[in-house]
Every structure is written in C-alpha cells, then in structure tokens.
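First up is the structure itself, then whatever we jot down about it.
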Amino acid sequence: QVQLVESGGGSVQSGESLQLSCVASGTDIKMHSMDWYRQVPGGEREFVAQIQSGGRTVYANPVRGRFTISRDNAKSTVYLQMDNLKPEDTAVYYCYDLYLLKWGQGIQVTVSS
C-alpha cells in the first residue's frame, strides 16, 4: 500500500526555519513529480512548490526565494526547506504525488510573530 508521510512540522517564531520531509513507501518516486501544498482552516489547498523527476523546480510567488524543494530518490523522500518563515506561512502542509494522485496526511506548521 502506497503511503506518503510528512514530518518536521511544528511551531516557530517569525524569521526562523523548518524543514519538512515526505517519505514515500510502497512506491518508487524516482520518475514522479512531487508537490507540496498548504491549507489554512476554511481555505482552499494552495500550491507551494514542485520538483519534477529531472530536478526542475517550480515555486508559488509567496514562497519563492524563501522555500527550497529537493528530493533524495534513494531515500524516497522529498524535502521542503522553509527559511525566513512568516506568520502567513501558518498552515497544514501536504505532500502530493502527481503520478499516483496521492496525498499525505498533512502536518501543521505554525509561525508566530
């Protein structure tokens, strides 16, 4: 059974950093494009970043220059390094496998001012 499990979330102060991880099991993500999304209560899930199988990356405007997506196919893991965090980054963050159309369970990130 395919699973995506996020970790690394938590509560930080504005300006601090966090690194999220998404570990995939039951599948080989080497050829999959992988995304990070986020969602606030009452809001829609919004795109944050994407890394394609060849390593090309795409970022949403609000996070460009502060967040970095990367992958380690040998570990079946996708990362989201989040620097200079802002209160508006507070959300539940989800990992998404575009090939399998599979979501992780989500992990909370809270940034206080």
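Since this is a predicted model, take the numbers as computed values, not measurements.
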Rounded distance [0.5 Å steps], [atom1] in [X] versus [atom2] in [Y]:
X	Y	atom1	atom2	answer
Leu98	Asp35	CG	CG	4.5 Å
Leu80	Glu6	CG	CD	11.0 Å
Ile29	Cys22	CD1	SG	7.0 Å
Ser70	Gln19	OG	CD	6.5 Å
Lys30	Ser76	NZ	OG	10.0 Å
His32	Asn73	NE2	CG	10.0 Å

Between [X] and [Y], is there shared hydrophobic-cluster membership here, with clusters defined by ILVMFWY side-chain heavy atoms closer than 4.5 Å?
X	Y	value
Val78	Met31	no
Trp103	Leu100	no
Val12	Val48	yes
Met82	Tyr96	no

Is the closest side-chain donor-acceptor distance between [X] and [Y] under 3.5 Å?
X	Y	result
Gln52	Ser33	no
Thr110	Gln108	yes
Ser17	Asp83	yes

task: Mind telling me whether Phe67 and Tyr93 have parallel, tilted or perpendicular rings, with 30° and 60° as the class edges?
output: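 Aromatic pair Tyr93/Phe67 classed tilted.
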Would a 4.5 Å heavy-atom cut-off, applied to side chains only, mark [X] and [Y] as touching?
X	Y	answer
Ser11	Ser112	no
Thr68	Tyr79	no
Met34	Leu4	yes
Thr77	Arg71	no

field: Option passing side chain to side chain contact (heavy atoms under 4.5 Å, CB included) with Arg38 (candidates Ile107, Val109, Asp89)
entry: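 Of the listed residues Ile107, Val109, Asp89, the side chain to side chain contact (heavy atoms under 4.5 Å, CB included) partner of Arg38 is Asp89.
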message: Once disulfide bond (SG atoms under 2.5 Å apart) is applied, what residue pairs with a partner in residues 59-92 remain, sequence neighbours excluded?
response: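 Sorted pair list comes back empty.
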task: Any disulfide bond (SG atoms under 2.5 Å apart) involving residues 37-94? Give me the pairs, sequence neighbours left out, ordered by first then second residue.
output: none
query: What do you reckon, is OH of Tyr99 surrounded by more than 12 foreign heavy atoms closer than 6.0 Å?
result: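 No, OH of Tyr99 has 12 or fewer neighbouring heavy atoms, counting only those of other groups under 6.0 Å.
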query: More than 12 non-hydrogen atoms from neighbouring residues, nucleotides or ligands closer than 6.0 Å to CD on Glu44, yes or no?
result: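 Open.
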message: Could you check whether Tyr94 and Tyr37 have their ring centres less than 6.0 Å apart?
response: no
So, the side chain of [X] versus the backbone of [Y]: is there a donor-acceptor pair under 3.5 Å, distance only?
X	Y	answer
Gln50	Trp36	no
Arg45	Gln39	no
Thr90	Val111	yes

- prompt: Can Leu85 and Glu16 be said to form a side-chain contact (heavy atoms from CB on, under 4.5 Å), step by step?
  reply: CA-CA 6 Å; Leu85 282 160; Glu16 294 184 341; 5.6 Å; no
